[in-house]
Asks: 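My questions will all concern the structure given below.
Only a predicted model underlies this, so the values are computations on that prediction, with no experimental measurement involved.
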Amino acid sequence: LYSGSVSWLALRASTFCPSWLSKCDRILPWLACGMFAYSFVAPAITLIENSEGEEMEKEGEAKMRGKLWPEAERQDSRWSTKMVLIARLSTGLSPFQTARLSVPPSLSETELLRCANLVIIGVFGCVFAPDCLA
């Protein structure tokens, strides 16, 4: 979706823009703008919640994490967990199958690096948002 938003904006701003594409100007700019904002917000929330989760584990307050992940997941109210579950539902899995899959309580070092880079990409995406609405 992010690539589609960038491609739409590049094509719309170019001199080679097909005439039929301008007919979509009522909805596509808002969808692209939303996609650019989401590309920043989603990884930022994940990083913030991960750092809060690590602090809780260091203080010994994350007792539910010591059990099986599926049990902890049912009680987990983090936004990042909810985003993962919604994304899994969009793949065609049933709600029952989605609920049985576990979401790890914290990110690995590699995942943290990837997530931080996604925040940077999201910042660049947000720079394009005003162009979408212009």
Asks: Verify the cluster assignment for Val127 and Leu1: are they in a single hydrophobic cluster under the rule of side-chain heavy atoms below 4.5 Å apart?
Replies: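 Result: no, two separate clusters.
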
Asks: Can you list every salt bridge (charged side-chain N to carboxylate O under 4.0 Å, His left out) pair that touches residues 37-47, not counting sequence neighbours?
Replies: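 Every candidate salt bridge (charged side-chain N to carboxylate O under 4.0 Å, His left out) pair involving residues 37-47 fails, so no pair, neighbours aside, qualifies.
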
Asks: Any donor and acceptor pair, going by atom type alone, linking the side chain of Asn117 with main-chain N or O of Leu113 inside 3.5 Å?
Replies: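 Yes; judged by distance alone, with no hydrogens or angles, the pair exists.
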
Asks: Excluding sequence neighbours, so at least two apart, what forms ring-ring contact (aromatic ring centres under 6.0 Å, His included) with Tyr38?
Replies: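 In terms of ring-ring contact (aromatic ring centres under 6.0 Å, His included), with neighbours along the sequence ignored, Tyr38 is linked to no residue.
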
Asks: Running the 4.5 Å side-chain criterion over Ile, Leu, Val, Met, Phe, Trp and Tyr, what cluster does Ile120 land in, apart from itself?
Replies: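 For the cluster that includes Ile120, the remaining residues are Phe124.
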
Asks: Please check if atom CG in Leu21 has more than 12 non-hydrogen atoms from other residues, nucleotides or ligands closer than 6.0 Å.
Replies: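 Count over threshold, so yes.
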
Asks: Ignoring hydrogens, what is the shortest heavy-atom contact between Ala37 and Cys126? Give both atom names and the distance.
Replies: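 Where Ala37 meets Cys126 most closely, the heavy atoms are CA-SG, 4.0 Å.
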
Asks: Just verifying a value: how many Å separate Cys33 SG and Leu9 CG, rounded to the nearest 0.5 Å?
Replies: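 The distance works out to 10.0 Å.
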
Asks: Is any side-chain heavy atom of Cys115 closer than 4.5 Å to one of Asn50?
Replies: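 The answer is no, as the side chains (C-beta and beyond) never meet within the 4.5 Å cut-off.
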
Asks: Which heavy atom in Pro29 sits nearest to a heavy atom in Trp8, and how many Å separate them?
Replies: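 Of all heavy-atom pairs spanning Pro29 and Trp8, the closest is CA-CH2, 3.6 Å.
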
Asks: Name all pairs fulfilling the side-chain hydrogen bond (donor to acceptor under 3.5 Å, both in side chains) condition that reach into residues 11-26, sequence neighbours left out, sorted by first residue then second.
Replies: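 The answer is Arg12-Asp25.
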
Asks: Apply side-chain contact (heavy atoms from CB on, under 4.5 Å) to Ser5 and list each qualifying residue two or more places apart in sequence or on a separate chain.
Replies: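 Once residues adjacent in sequence are excluded, the partners of Ser5 under the side-chain contact (heavy atoms from CB on, under 4.5 Å) criterion are Ala32, Met35, Phe36.
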
Asks: Does Thr110 have any side-chain contact (heavy atoms from CB on, under 4.5 Å) partners at least two apart in sequence or in another chain, and if so, which?
Replies: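 Partners of Thr110 by the side-chain contact (heavy atoms from CB on, under 4.5 Å) criterion, ordered by chain and then number, come out as Ser108, Arg114.
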
Asks: State which residues pass side-chain contact (heavy atoms from CB on, under 4.5 Å) with Val119; sequence neighbours excluded, sorted by chain then number.
Replies: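 Here the qualifying residues are Phe40, Pro43, Ala44, Leu47.
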
